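Working notes, structure below.
The structure presented is a predicted model; accordingly, all values stated were derived computationally and were not measured. Residue numbers start from 1 in every chain, and the chains themselves are labelled A, B, ... in the order their sequence lines are given, proteins ahead of strands.
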Amino acid sequence: GAGVSQSPSNKVTEKGKDVELRCDPISGHTALYWYRQRLGQGLEFLIYFQGNSAPDKSGLPSDRFSAERTGESVSTLTIQRTQQEDSAVYLCASSLGGASGNNEQFFGPGTRLTVL
Amino acid sequence: DQQVKQNSPSLSVQEGRISILNCDYTNSMFDYFLWYKKYPAEGPTFLISISSIKDKNEDGRFTVFLNKSAKHLSLHIVPSQPGDSAVYFCAATLSGGYQKVTFGTGTKLQVIP
């Protein structure tokens, strides 16, 4: 497909377990973002990857959260020792990026994480 | 620190009337603004954008107005249609290479048939 894909679409886990969320950006998009949307809240920035530059991790809420991206392709967001407050929809987006890049972000459908 | 604010969490409008969604920002460095629309169980989709060199951008039924001195922008939808019912997010960023985008908390628009 041509869009951003995320997997799984839904994840239910027990408190204390680790989870890994996956994002496949649009081919050729150098910028990739992770956001979190808790129930009734707005989009909360988590992390931003731009090409081979060091990622902007300023939005990660705790050291239990980490993300990796291989080159300009797939990214994984890992949450260790999940807590109930981690329950949210995790959204991934990609954009063309670059010095003269287009700012428009294309979002995936999200992963709904429920921590019991 | 919420740098992009949408103070109205919800808005109801009759079909055919104008919908006006408002957004305020605090960072005067922002020079590019976007609106996204989000339906339930889907990711947000880009709707319209505006650069700070303009004060208005129009695309069909959607117009975005920017007031830089007031650090305020608004999205006008005319005429509103039931299919416009969604959550609308305002977003702001710096144009150029570094493209971290800051989103508002969203306004849920309901267009009543």
Side-chain angles (χ1 to χ4, degrees), chain A residues 1-7 9-10 21 23-26 29-60 89-112, chain B residues 1-10 21-25 27 29-54 57 59 62 64 73 86-108:
Chain A
V4 177
S5 60
Q6 292 185 246
S7 61
S9 56
N10 280 284
L21 313 180
C23 172
D24 284 90
I26 293 173
H29 281 193
T30 62
L32 186 146
Y33 314 74
W34 283 98
Y35 297 90
R36 175 171 74 175
Q37 186 179 21
R38 289 167 159 163
L39 188 65
Q41 303 293 314
L43 294 176
E44 179 185 356
F45 167 79
L46 297 178
I47 188 168
Y48 162 61
F49 296 90
Q50 172 62 68
N52 295 318
S53 302
D56 179 349
K57 303 180 180 180
S58 60
L60 295 178
V89 175
Y90 289 81
L91 290 160
C92 174
S94 69
S95 69
L96 282 171
S100 59
N102 189 320
N103 301 75
E104 178 186 345
Q105 296 182 19
F106 294 81
F107 283 82
T111 293
R112 180 175 296 278
Chain B
D1 176 29
Q2 189 69 31
Q3 294 190 61
V4 179
K5 302 176 184 179
Q6 294 177 257
N7 293 318
S8 297
S10 63
L21 296 96
N22 293 303
C23 177
D24 298 287
Y25 60 96
N27 187 344
M29 298 295 291
F30 288 143
D31 62 359
Y32 194 78
F33 306 89
L34 310 96
W35 284 92
Y36 284 79
K37 179 166 74 172
K38 185 182 185 300
Y39 293 117
E42 296 182 10
T45 54
F46 170 76
L47 189 59
I48 193 169
S49 63
I50 188 167
S51 165
S52 61
I53 62 174
K54 295 184 177 181
N57 188 26
D59 183 3
F62 302 90
V64 56
L73 63 155
V87 177
Y88 289 79
F89 290 99
C90 170
T93 186
L94 301 171
S95 58
Y98 187 74
Q99 299 182 356
K100 177 180 172 181
V101 177
T102 302
F103 283 83
T105 52
T107 297
K108 184 175 183 179

At a heavy-atom separation under 4.5 Å, does A:Leu91 approach chain B through its side chain, its backbone, both, or neither?
side chain
Measure A:Gln37 against the heavy atoms of chain B and call it side chain, backbone, both or neither at under 4.5 Å.
side chain
Inter-residue atom distance B:Thr105.OG1 - A:Glu44.CD, 0.5 Å rounding:
12.5 Å
Check B:Tyr36 against A:Gln105 and note the closest heavy-atom contact, atom names and distance.
OH-N, 2.7 Å
Tell me, side chain or backbone of B:Lys108 under 4.5 Å from chain A's heavy atoms, or both, or neither?
neither
Distance from A:Tyr35 atom OH to B:Phe89 atom CZ, nearest 0.5 Å?
11.0 Å
Contacting moiety of B:Ala91, where chain A heavy atoms sit under 4.5 Å:
neither
